[in-house]
2 protein chains.
Amino acid sequence: MLAGWEDIRAEVLRRIRAHDWRPGDTIPTEEALALEFGVARATVNRALRELAEEGVLERRRKAGTRVALHPVRRATLDIPLTRLEIEGRGQAYSYRLLSEEMASPPPAVAARLGLPQGAQMLHLVCLHLADDRPAVLEDRWLNPETLKVQPDFHLVSANEWLLANVPYTTGDISLSAANATADEARLLDLPPGSALFIIDRTTWDRDHPVTCVRLAHVPGFRMRTTV
Amino acid sequence: MLAGWEDIRAEVLRRIRAHDWRPGDTIPTEEALALEFGVARATVNRALRELAEEGVLERRRKAGTRVALHPVRRATLDIPLTRLEIEGRGQAYSYRLLSEEMASPPPAVAARLGLPQGAQMLHLVCLHLADDRPAVLEDRWLNPETLKVQPDFHLVSANEWLLANVPYTTGDISLSAANATADEARLLDLPPGSALFIIDRTTWDRDHPVTCVRLAHVPGFRMRTTV
DNA sequence: GATGTGAATATGTCTGCACATAATAACCGA
DNA sequence: TCGGTTATTATGTGCAGACATATTCACATC
């Protein structure tokens, strides 16, 4: 007997996988399914809503619910702090601040943050190590306006300090691959040109830019997820 | 006045960002918040549940709702078909099957799919092009048992054929970076050692392995998301 | 002090109902 | 035929109440 919304979800998914309902098909209305399964419409709604969020179904008012024609797999990635990422692998985490100075950011960074060209920002470069071997090279630009007090970034990583002290409202993340420059290779103790996994993150607090960071991960780094 | 669950969600998020409620704090119960905001408990529940799914809150029965201590940002990535990805950028898509043969997969692939070492699988190598320039090199191993009829993979890409014809229940995805091998560089028309963005995907239909694919993307490829 | 038991409690979910909203479909007049 | 208005309809969301379930906490027992 089908009772909970998870059972409904599973059954609907089964029918889709089994091609009872094929991509593009309109499936029965919530009301009809509620009747069939002997549950309230809200329960069916919950099940179908979850499937729509996962990209399996497409729903439009009045038009009904259809099996997604182009199943864009929607995967959720967990993006932890570098420290937790490393500790989670059972390795010892350490951290070194390599440089800290006011400077004017490269045009690409200023543009991403929506700041004027000549603006001065705090530029940090630091290295995250796992079992004393370089794991991630962090290159960060900070908007000094968001720093009421200026912490000692030798002691606490910028990321953790920001999380604990600066509110932020939105951010975007981009993932890519890049060959290590000579500098990066030297700092990460890798052959020049090694393929690095790059995470670029930019965050704002409302309209105020906060920070723009590039995390370069050594080869062997993987992000995993399940669908 | 706060009315909908999205308003509740926004207000709770505001309080967290503003550090009214700090990481680790237990926030008021659903009932208390429902009273404060003048809505039903179900509405508060919906708002808090969404925030918990995003990783902002942690909820446990009886223990209550706490602001996540280690804010693992949970980002959702859309992983479209390569064809749609390219067409979505306004480029012309084309596709070439480079090779198709039965062979026994490398141990890593067999292990990932849970197949015995010597098993024969269908091995496809193909190239996806954007505006006639190589964009993605696809290296795929297919379990022949899942192919009732064998389509002509010259005409339709394996990915699209599978989506339309083979049900699947679970899959996992891993993202990484790798230097192009000599072969890959030649096929993608890149200098050897170029940093490729690699998407490895493995899918099963219940317990039956379906396919294991490696998509190597040329430099410049990015996956984006917003948090 | 350690351990097991039971009451208390916050969240998880379901029901049945209502109204809001958006998008389609039907209609009607020029 | 076209264009605009109106009715219809499936989903989106809300409410109040109820019960289920997982923990925690306090208490009793060894």
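Atoms CD (B:E30) and P (D:dG17) sit 16 Å apart, rounded to a whole Å. Here the C1' atom of nucleotide D:dT11 and the CG atom of A:L51 are 15 Å apart, to the nearest Å. Atom pair A:R46:CZ and D:dT11:C1' shows a separation of 17 Å (rounding to whole Å applied). The nearest whole Å value for the distance from the CZ atom in B:F37 to the C1' atom in D:dG14 is 16 Å. Summarising the geometry, the separation between CG on B:L35 and P on D:dC15 is reported as 13 Å, rounded to the nearest angstrom.
A salt bridge (Lys or Arg N to Asp or Glu O under 4.0 Å) check over residues 210-221 of chain B, counting only residues at least two apart or in different chains, returns the pairs B:E184-B:R214. Evaluation of the salt bridge (Lys or Arg N to Asp or Glu O under 4.0 Å) test over residues 124-134 of chain B, restricted to residues two or more places apart or in two chains, returns none. The stretch residues 128-157 of chain A participates, sequence neighbours left out, in these ring pair (Phe, Tyr, Trp, His ring centres under 6.0 Å) pairs: A:Y93-A:H128, A:Y95-A:H128, A:H123-A:W141. Residue pairs meeting the ring pair (Phe, Tyr, Trp, His ring centres under 6.0 Å) criterion with at least one partner in residues 208-227 of chain A, sequence neighbours excluded, are A:F197-A:F221, A:H217-A:F221.
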Give every pair of a protein N or O atom and an N or O atom of nucleotides 18-21 of chain D that lie under 3.5 Å apart, one pair per line with the distance.
| from | atom 1 | to | atom 2 | distance (Å) |
| --- | --- | --- | --- | --- |
| D:dA18 | N6 | B:R41 | NH2 | 3.2 |
| D:dT21 | O2 | B:R61 | NE | 3.1 |

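Each of A:T65 and A:A42 was matched to the nucleotide of DNA chain D holding its nearest heavy atom; the match closer to the 5' end belongs to A:T65. Take the nearest nucleotide of DNA chain C for A:R60 and for A:W5: the residue whose nucleotide is more 5' is A:W5. Comparing A:R49 and B:K62 along DNA chain D, the residue whose closest nucleotide (by nearest heavy atom) sits nearer the 5' end is A:R49.
An OP1 or OP2 oxygen of D:dC15 is reached within less than 4.0 angstrom by a side-chain nitrogen or oxygen of B:T43. The phosphate of D:dG12 has OP1 or OP2 within less than 4.0 Å of a side-chain N or O from A:R59. Between A:N45 and D:dT13, a side-chain N or O to OP1/OP2 separation shorter than 4.0 Å is absent.
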- request: For A:R17 and B:D205, run side chain to side chain contact (heavy atoms under 4.5 Å, CB included): C-alpha distance rounded to whole Å, both residues' side-chain angles, the deciding distance at 0.1 Å, then the answer.
  value: CA-CA 9 Å; A:R17 310 274 206 218; B:D205 176 17; over 6 Å; no

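Remark: A:E31 engages no residue in a salt bridge (charged side-chain N to carboxylate O under 4.0 Å, His left out) (not counting sequence neighbours). Legend: residues meeting salt bridge (charged side-chain N to carboxylate O under 4.0 Å, His left out) with A:R89, ordered by chain and number and at least two apart, are A:E85. Taking the salt bridge (charged side-chain N to carboxylate O under 4.0 Å, His left out) definition, one finds that B:R222 meets it with A:D200, sequence neighbours left out.
The footprint of chain A on DNA chain C, defined by a heavy-atom cutoff below 4.0 Å, extends from C:dT13 to C:dT24.
Side-chain contact annotation: B:S174 with A:R224, donor-acceptor N/O pair under 3.5 Å absent.
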